[in-house]
Amino acid sequence: MFTSRKTYYVLLFDFSLTLLFLIGIIHIVKKSNLPFDYSFNNNGILVQEIYDKSNILITEIDGFRVNNQDELEMVLDAKSPGDIVEITYTSSGKIFNTKVTLTEFYSNFYIITCSFLTIVFVFIGIIVYLKKPDQVYALIFHWLCFGVAGIISLTWGNYNIEFFHAGKIARIGFHLSYTFTPVLFLHFAYSFPRRIEFFRKTFLVTSYSLAVILFDAGSVLFLLFVSKQSQDYLQDYLFVFDLFRLHVILWILTSIIVFIQSFRTSPYKSEKQKLLWLILGFIIGPGSFAALWAVPQFLSFHNLVSEEIILIMMTAIPVTFAIAILKYRLMDIEFVITRGFVYSFTLALLYSLYLLMIYVLSELTNSILQTPNVISVISFGVAALLFHPIRIRLEKFIDKRFYGIRYNFREALKNIIEEIKDVHSIQLLLYKVFERINDLIITNKIGFILLNKSENNFAITVQRGFDEHYNKTFEIDEKLINSNKTAANSDKIESGLSIPNIESDLMNLLGADIMIPIRTEAEFYGFLILGSKQSGLKYTIEDIDLLESVSSRVASTIERINLQENIIRNKLEMEKLDELNQMKSFFVSSVSHDLKTPLTSIKMFTEFLR
């Protein structure tokens with residue numbers, strides 16, 4: 001009852017925040033900007049051309065000195081698109097005053113993107129909390145998502161919307177989100193995947209206290225600036241807002257360090273997998289921002305994608321965090337990260353070579369043909385023809401080297417045979433083969449089905465991915481047993497392989513793509529079953545040959561183990577029979593002795609009486 005009431009209050013507060021976010025979207029729609037392109041220097045705003053004049057330096061707008069982007073936005077955020085402001089500028093050493101009509105600051109696409117991101121963060125935050133309402137880290141993540149949604153939707157906009165002072169409320173809500181979200185992120189890092197007790201309470205209390213101080217200082221200075229319209233209050237507010245930014249950077253970096261330390265020190269594989277999902281979110285979100293936006297700008301290039309695309313890629317953070325909390329086994333995250341990193345790096349290198357190839361071909365054809373259009377077409381066509389087979393070969397090389405999608409058949413089979421040759425337990429044998437195949441061919445499902453002769457049914461033993469069928473029994477599929485061949489889903493194997501596509505109820509029930517019989521010439525033991533490859537590739541002839549060879553070795557090893565067990569059992573039975581014979585002889589000897597003694601006495605008395 002307590003949990004349901006708590007959930008009710010949380011959802012009610014969520015609804016209130018969502019209304020605030022809606023107000024925020026409206027107030028950034030009404031954010032205004034100057035109607036021309038500009039840049040900044042230490043003295044003001046540089047404008048390339050306005051009113052047919054060049055080398056213009058704007059020094060004041062509506063009486064406020066503006067030397068940077070923050071000052072300009074704070075002054076213009078009191079206006080709406082279509083309002084008129086007075087600017088003071090210098091040109092050719094003279095001072096001029098003029099009026100300009102403001103335009104919209106954000107594009108429609110940006111507004112739509114912000115709205116979409118706000119909905120995504122709110123939705124994911126609510127879903128995670130409803131799925132795990134009793135977990136502290138789920139509640140923290142819930143507020144973290146709402147904090148990020150607040151930063152996105154309540155960002156600087158028109159604070160002079162008069163309807164119930166909505167603009168000012170939105171700006172104060174932005175301060176709240178901006179100061180408390182990084183601390184919530186730190187709190188989440190200390191709570192997930194398991195709570196870290198060392199210095200936790202003191203450190204978190206200090207962090208939240210600092211957030212409260214910054215929030216109060218920023219909000220008070222903002223209200224003073226709005227009411228007094230003073231240049232001094234403007235500078236004070238912007239100074240505190242710079243502290244806001246430092247505060248965000250500091251706690252986010254600290255949180256990342258905590259996550260990394262948790263990953264390094266965690267003794268549990270499940271916790272490491274959860275943390276890897278978080279790392280994947282950081283790679284896609286902030287990693288994309290750094291590679292496609294920050295680094296190109298730092299190198300004085302244009303950003304490679306628009307700001308809206310960067311924001312959309314940031315949705316990877318809540319999605320991967322939610323997967324880490326709710327369903328971290330969704331995919332093999334280690335495989336996804338390592339393969340994605342290697343592919344990204346090699347493809348980036350390959351595309352660089354592709355562009356270089358086009359340039360070289362263009363230069364070569366330019367000396368022969370003097371028509372630029374023809375040169376471009378020929379260069380792109382030749383480069384594309386050469387690039388495609390190179391890309392295919394590179395992918396195969398990466399698969400072979402890094403992911404076991406290609407391997408040395410002889411070496412792999414030799415290692416498996418060497419590892420199982422001295423095994424004396426069927427269960428241990430299956431575990432060893434399971435681990436070795438799982439290393440060589442990464443699949444979403446793998447396991448063994450063994451035949452129980454006494455009960456005349458099948459049962460799944462060592463497995464991964466067949467959890468719902470584990471410890472269950474299945475009727476014997478005579479069609480599979482009688483075929484005496486590997487059965488496979490034709491869609492999952494390379495074309496040209498002569499493997500029968502057997503319609504089997506057992507294969508359909510288990511969702512298996514390949515079933516390889518484990519049998520000798522005289523005896524049938526079961527099947528090796530596999531699902532599809534996680535790489536998405538089809539099974540090759542090399543894969544099938546390896547699996548069939550391994551299954552044959554497993555069958556012969558099971559036969560050897562059974563034979564050894566029979567020999568040991570027979571030996572024990574013989575020893576038991578010998579022991580029984582000895583007991584019988586001792587018994588007969590004892591009885592004979594016990595009977596012989598009284599008979600002798602009787603005979604003697606009988607003779608005496610005669």
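Sequential numbering from 1 along the given sequence is applied to the chain's residues. This one's a predicted model, so the numbers in the text were calculated from it and none came from an experiment.
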Closest non-hydrogen contact found for F527 with I518 is C-CD1, 3.7 Å
Least distance between heavy atoms, R553 atom then I417 atom | NE-CD1, 3.5 Å
Verdict with supporting geometry, R560 and L429, side chain to side chain contact (heavy atoms under 4.5 Å, CB included) = CA-CA 12 Å; R560 172 180 61 80; L429 166 69; over 6 Å; no
Using a 4.5 Å cut-off on heavy atoms from C-beta on, say whether the side chain of I568 contacts that of H424.
-> no
Would a 4.5 Å heavy-atom cut-off, applied to side chains only, mark I317 and V148 as touching?
-> no
Shortest non-hydrogen contact from Y525 to A555?
-> CE1-O, 3.7 Å
Around Y208, counting heavy atoms of other residues, nucleotides and ligands shown, do more than 12 lie under 6.0 Å from its OH?
-> yes
Residues V120 and P318: closest non-hydrogen pair is CG1-CG, 4.5 Å
Less than 4.5 Å apart, any side-chain heavy atom of I544 and any of Y539?
-> yes
Does the side chain of T181 come within less than 4.5 Å of W251's, by heavy atoms?
-> no
Which value, rounded to the nearest 0.5 Å, describes the distance between L563 atom CG and S556 atom OG?
-> 12.0 Å
Quick one: CG on N457 to CD1 on I449, what's the gap to the nearest 0.5 Å?
-> 11.0 Å
Gap separating the CE atom of M515 from the CG atom of L547, nearest 0.5 angstrom | 13.0 Å
Could you tell me the separation between the CZ atom of F116 and the CD1 atom of I312, rounded to the nearest 0.5 Å?
-> 7.0 Å
Ion pair K432/E435, N-O distance below 4.0 Å | no
Check whether any side-chain heavy atom of R464 sits under 4.5 Å from a side-chain heavy atom of T443, and report yes or no.
-> yes
Identify the heavy atoms of P133 and T7 that sit nearest to each other, and give their distance.
-> CB-OG1, 4.2 Å
Taking the six-membered ring for Trp and the full ring for Phe, Tyr or His, determine whether the centres of F188 and F321 are under 6.0 Å apart.
-> yes
Evaluate the side-chain proximity of Q427 to V462: yes if any heavy-atom separation is below 4.5 Å, no if none is.
-> yes
How far does CD1 of I426 sit from CD of E565, to the nearest 0.5 angstrom?
-> 5.5 Å
Full working for side chain to side chain contact (heavy atoms under 4.5 Å, CB included) between L326 and K132 = CA-CA 8 Å; L326 300 178; K132 292 185 177 290; 4.1 Å; yes
From I151 atom CD1 to S177 atom OG, the distance as rounded to the nearest 0.5 Å = 6.0 Å
Closest approach of M314 to F121 (non-hydrogen atoms, all atoms of both residues) = O-CZ, 4.3 Å
Going through the distances and angles, do R436 and I420 end up as a side chain to side chain contact (heavy atoms under 4.5 Å, CB included)?
-> CA-CA 11 Å; R436 182 60 64 182; I420 66 176; over 6 Å; no
Considering only heavy atoms from C-beta outward, does the side chain of F141 approach that of I124 to under 4.5 Å?
-> yes
Taking side chain as C-beta onward, heavy atoms only, is L280 less than 4.5 Å from I323?
-> no
Which of these passes ring pair (Phe, Tyr, Trp, His ring centres under 6.0 Å) with W143: F13, F180, Y129?
-> F13
Does any N or O in the side chain of S552 come within less than 3.5 Å of the main-chain N or O of E548, such that one atom is a donor and the other an acceptor?
-> no
Would L450 and F458 satisfy side chain to side chain contact (heavy atoms under 4.5 Å, CB included), going step by step from the backbone distance to the final call?
-> CA-CA 6 Å; L450 293 187; F458 285 126; over 6 Å; no
Is there a donor-acceptor pair closer than 3.5 Å between any side-chain N or O of K274 and the backbone N or O of A324?
-> no
